There are 2 protein chains.
Amino acid sequence: MTLVSEDNTETLNAPAIAQQSVEPTRKPTIMDVAAASGVSYATVSRYLNGNPHVSAKAARRIAAAVKATQYTPNNAARSLVRQRTQTVAFVVHGETDSIITDPNISTIMVTANQRLGDAGYQLVTLIADTPQACERIARLASSGFADGWILNSFHTDDALFNTFRELNVPIAISEVGYGSQSPFPTVDIDNAASSCALTKHMRDNGYRRIAYICGPDFLPCSTERLAGFRTVMGDDFDPSLVVSAADWSRGSGSAAIEQLLSRLAEGSSNRPASSLLADHHIDALMCGNDCIAVGAMQYLMSHGVRIPDDLAIAGFDDSPDAISSHPQLTTVHQPIEQFGICMADMVLDQLEGRTPQRIHMLDTTVIERESTAR
Amino acid sequence: MTLVSEDNTETLNAPAIAQQSVEPTRKPTIMDVAAASGVSYATVSRYLNGNPHVSAKAARRIAAAVKATQYTPNNAARSLVRQRTQTVAFVVHGETDSIITDPNISTIMVTANQRLGDAGYQLVTLIADTPQACERIARLASSGFADGWILNSFHTDDALFNTFRELNVPIAISEVGYGSQSPFPTVDIDNAASSCALTKHMRDNGYRRIAYICGPDFLPCSTERLAGFRTVMGDDFDPSLVVSAADWSRGSGSAAIEQLLSRLAEGSSNRPASSLLADHHIDALMCGNDCIAVGAMQYLMSHGVRIPDDLAIAGFDDSPDAISSHPQLTTVHQPIEQFGICMADMVLDQLEGRTPQRIHMLDTTVIERESTAR
DNA sequence: GTGAAAGCGCTAACAG
DNA sequence: CTGTTAGCGCTTTCAC
């Protein structure tokens, strides 16, 4: 049998082919490829970058040489000359690692990664959990480490945040509750409106006197959610039925409800929680988020309050907690995947010269579950 | 009042000071700083890199110029000339986003980040959840994107894994269950020994006939854990009481126990689960990990089996599931934080010319909880 | 279509 | 102590 091969008689004067045994194994450069394929390195560069002005023959030889030398272009060199890194940094901000365990963050990360990957960018995640880490990241940000930045769970008073204000690089942020005030392109949900919707739902179901556990005071989204609640409650709003949780955790949820109960008790000790609630005609409880709700619920149930019979409870976020709890939680669902996609798009818009939306509000929906069933 | 100033009469011929209004706002380079401070840019570079051969006066002027121009060194340029990026990549591997939600992974990430940060490196996380993403990352790996690599949850048959084999870059891996076979420096627990310890604990507590739900068959750590169990069980080991779960999830845990029960039933339909277990004198169940255990436990409890009265159950990993379940799970604890620290150290060792340990086995401890209480 | 040459911004000898 | 010079590996004019 005879194999006819079009034109592969070219020999490679490959000096780098069998170099693997040499000690430091210097990475082959574009020069090595050029030498091995007998063309100038400019031609190799053209070939590598898909420039059409490369003859078929040259292309063939270069392809062979690339394979033989196992060449891959150097990242730093390319970034330097192109003034582009082809990466977008995803900054996760938070004191503890709790923020990273947050399933929302991971989902956002994964979806953003997908979107950016399709556009030819690599998403890299950075953790800003200590002052040192923040400083490092700030330095990276102003040294062209990434072409674009996606920032999560930033506070208004954040130092890193201010670094970015002065930087003038493509950015997208989420969930800071800035609303239309944000200095950067933002994707968020309308916390006030969503809270309104949920409160309305509760009212429609007949709940009249509703207590409220607010999220951390210093966060805009906490106050916006409370504001939505207040709006719908109107004259029925009773400030004495509002307490604030220290953070978004279950623990602070139970602490908050305990505080509210002792406030209701007003010295009269040892009243059971359920009669305390009954005395004040409280028929429902709304919470800043699902975790707080679950924490409060666990506390109440372990003190003999039946949910939803004695008291209805609603959360916010539709996190996994909302489903894994017993009873399952009525809550507000937000399209998490969209956060990642929208932020990625906002960064891509800026990267590609388009003007990004200043703020993208995502739709939410009220999810009715057992915890408020009549 | 008179302020005496030592020597700050120097004027800066700063051309870049008020450039902010110009359109494209070109980033200041080391040249701009040099020009503004009246020294050569080599001196600026020296100053920036802490080289002691810079006069106090020059240092002062340069410091002022740096501030005035808001200069920050360019990352790509520095990486190119230094042949170092000062970053270590953390690759999270997995088909879905479930892997990232895994609290273990986040803890490892956070601790590794801390350690590497202290050593002057920036940890960057990459998600390898699709073939395209893997390919992108493989390309980055061979183009000097990072100085070192930390790989998580890789399978033996992994394409990315093989890319790294040929790359000869600083690497550390974890949890692949390779044991001493690993081609890379590895940190892991001794799955077999840990499983032995747990099984022994069960035996010491009087449990004789123990069923076993194995983790995914294709994973070395699954089979190692099973092997440890088998060793201790000795002649009491009964292969007919072993089933495999499809993955590490709760769902496959309940599926597996259902399968085992139907095997035990052998056609005799409608026997309650508890009497089925009693007939076969099964007094305990051990599982490949906590999630599987919880899944099995939920299934059994909803079919009338009392835990631990009718059947004791033990998990593995000491994940949050082990504590949040009712009853809480007896399990094997592993020092998760150490995974991150050890992998970081292994990479640092290689980065700094030391020879890393080939394999670092972390200590585990058996944690006794309610699910096996006598 | 291809090669020569000029940088991208920076570090690191090397002379002075 | 400081300036000059030569690259790091690559892209991109600009001639030919």
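No experiment lies behind these values; they were computed from the predicted model shown.
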Show me the protein contacts with nucleotides 13-16 of chain C, counting only N or O atoms at under 3.5 Å.
none

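Counting any heavy atom pair closer than 4.0 Å across all strands shown, Ser45(A) reaches a base atom. Residue contacts shown for Ala58(A) are limited to sugar-phosphate atoms, with no base heavy atom under 4.0 Å away. Tyr47(A) comes within 4.0 angstrom of no nucleic acid atom, judged by non-hydrogen atoms across all strands.
Atom NE2 of His53(B) and atom C1' of dT2(D) are 11 Å apart (whole Å). Going from atom CD1 of Ile62(A) over to atom P of dC10(D) covers 14 Å, rounded to whole Å. When the C1' atom of dT12(D) is taken as reference, atom OH of Tyr41(A) falls 11 Å away, rounded to whole Å. Leu80(B) has its CG atom 9 Å from the C1' atom of dG9(C), to the nearest Å. Protein atom CG of Asn51(A) is 10 Å distant from nucleotide atom P of dT13(D), rounded to whole Å. Note: CG (Asp32(B)) to P (dC8(C)) measures 11 Å, nearest angstrom.
For the pair Gln83(B) and Val54(B), both in contact range of DNA chain D, the more 5′-proximal nearest nucleotide belongs to Val54(B).
Looking at Leu348(A), Ile150(A), Val124(A), Asn113(A) one by one, the single match for side-chain contact (heavy atoms from CB on, under 4.5 Å) with Val88(A) turns out to be Ile150(A).
Heavy-atom neighbours of Glu337(A) CD from other residues, nucleotides or ligands within 6.0 Å: above the threshold of 12.
Considering only side-chain N and O atoms, Asn49(B) lies under 4.0 angstrom from the phosphate OP1 or OP2 of dT11(C).
Each of dC10(D), dG3(C), dG7(D) was ranked by its minimum atom distance to the side chain of Tyr71(A); first place goes to dC10(D).
Atoms CZ and CD1, from Phe339(B) and Ile108(B) in turn, are 6.0 Å apart once rounded to the nearest 0.5 Å.
Side chain of Asp349(B) to backbone of Thr355(B): no donor-acceptor contact under 3.5 angstrom is found.
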